[in-house]
Amino acid sequence: SQTIHQWPATLVQPVGSPLSLECTVEGTSNPNLYWYRQAAGRGLQLLFYSVGIGQISSEVPQNLSASRPQDRQFILSSKKLLLSDSGFYLCAWHPIGTGHNSPLHFGNGTRLTVT
Amino acid sequence: KQEVTQIPAALSVPEGENLVLNCSFTDSAIYNLQWFRQDPGKGLTSLLLIQSSQREQTSGRLNASLDKSSGRSTLYIAASQPGDSATYLCAVLVYGNNRLAFGKGNQVVVIP
């Protein structure tokens with residue numbers, strides 16, 4: 001069966017520090033991968049999505065970036081965190097080739113607090 | 001731009017009552033509508049997916065309906081239990097750009 005792992009679960013970082021969040025999917029090949037951010041009262045915001053290794057699409061211009069160095073690995077990064085980067089970051093995946101018949105599957109998220 | 005609205009933001013019901021959660025969306029050009037459950041501090045768990053050509057989907061005590069022409073979906077949870085306490089989010093897969101547009105969710109508390 002397919003599983004998705006996200007780490008760390010919680011993170012407290014000072015303003016201006018770098019960030020690296022990692023997500024891996026097991027039990028599937030060539031999934032579509034997504035990074036979302038959930039801020040209090042604002043709902044889920046799509047940040048990045050990827051349909052393959054090295055293929056990243058950015059939805060919102062900001063100081064975050066994403067990379068996909070391996071088929072089932074998705075990394076969210078920042079060189080210098082801002083206070084406004086605080087939030088709950090969720091990785092998700094969708095099986096390729098299933099059209100619109102499969103739901104999105106989410107990891108357990110990373111709670112990031114920038115101080 | 002697709003807008004998804006869920007009202008009310010929060011509600012409480014006594015155990016045993018049926019739960020009715022509403023979701024509305026502004027553009028009927030969608031591939032599907034998905035309902036998710038989110039427990040505090042956790043990710044989202046998929047509950048039901050309704051294709052745009054379907055009218056409803058059922059899973060156990062859960063039933064979701066879709067009226068695409070009017071831009072509405074309803075999630076019914078029969079005989080609610082305290083374990084149903086969570087936030088329920090609906091999302092529509094937008095035609096043409098393959099992006100899920102989410103509502104902000106209904107926070108549900110089932111009182112024992």
Side-chain angles (χ1 to χ4, degrees), chain A residues 1-11 21 23-25 31-52 55 57-60 74 87-113, chain B residues 1-10 23-26 29-54 57 59 62 64 66 68 73 75 86-107:
Chain A
S1 64
Q2 301 94 349
T3 56
I4 179 169
H5 302 280
Q6 256 191 271
W7 66 93
T10 59
L11 192 59
L21 302 181
C23 170
T24 59
V25 181
N32 291 337
L33 294 171
Y34 305 82
W35 277 112
Y36 283 87
R37 179 169 60 201
Q38 188 175 36
R42 295 187 61 186
L44 270 81
Q45 179 186 36
L46 179 61
L47 302 176
F48 301 94
Y49 77 95
S50 171
V51 298
Q55 302 179 59
S57 294
S58 174
E59 291 293 302
V60 181
F74 207 22
F88 192 48
Y89 288 82
L90 290 156
C91 181
W93 73 277
H94 182 273
I96 196 169
T98 57
H100 309 114
N101 299 320
S102 296
L104 205 56
H105 302 278
F106 286 83
N108 276 330
T110 295
R111 173 71 61 189
L112 172 66
T113 303
Chain B
K1 178 186 174 185
Q2 179 74 261
E3 300 282 345
V4 181
T5 303
Q6 292 183 252
I7 296 174
C23 170
S24 62
F25 47 96
T26 54
I30 63 170
Y31 289 118
N32 64 49
L33 184 142
Q34 302 179 35
W35 281 96
F36 295 88
R37 169 184 170 138
Q38 186 176 29
D39 293 299
K42 299 294 185 182
L44 280 67
T45 300
S46 175
L47 296 175
L48 291 167
L49 181 152
I50 312 175
Q51 299 285 3
S52 62
S53 59
Q54 296 174 321
Q57 279 288 340
S59 176
L62 276 61
L66 174 64
K68 195 175 70 167
S73 176
L75 178 66
T87 298
Y88 293 84
L89 296 96
C90 78
V92 293
L93 186 60
V94 179
Y95 186 81
N97 68 18
N98 283 325
R99 307 286 186 272
L100 268 179
F102 281 86
K104 293 182 181 179
N106 304 112
Q107 186 176 10

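Below, read A as the first sequence line, B as the second, and so on, with proteins coming before strands; counting in each chain starts at 1. Owing to the predicted nature of the structure, the values given are computational and were not obtained by experimental measurement.
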Applying a strict 4.5 Å limit to non-hydrogen atoms, the region of A:Q6 in contact with chain B is neither

Cut-off 4.5 Å, heavy atoms of chain B, and the answer for A:I4 is neither

Counting heavy-atom pairs under 4.5 Å with chain B, the top scorer among A:L44, A:T10, A:L90 is A:L44

Per side-chain contact (heavy atoms from CB on, under 4.5 Å), B:T87 is matched among B:K42, B:Q6, B:K104, B:Q107 by B:Q107

Check for me whether the distance between the ring centres of A:F106 and B:F36 falls short of 6.0 Å. yes

Heavy-atom nearest pair, A:F88 first then A:N108, reads CZ-O, 3.3 Å

Honestly, the part of B:L89 sitting under 4.5 Å from a heavy atom of chain A is side chain

Cut-off 4.5 Å, heavy atoms of chain A, and the answer for B:L49 is side chain

Notebook entry, point to check: Where the side chain of A:T110 meets the backbone of A:P8, is there a donor-acceptor pair that is under 3.5 Å apart?
Noted result: yes

Donor-acceptor contact below 3.5 Å, side chain B:S73 vs main chain B:C23: no

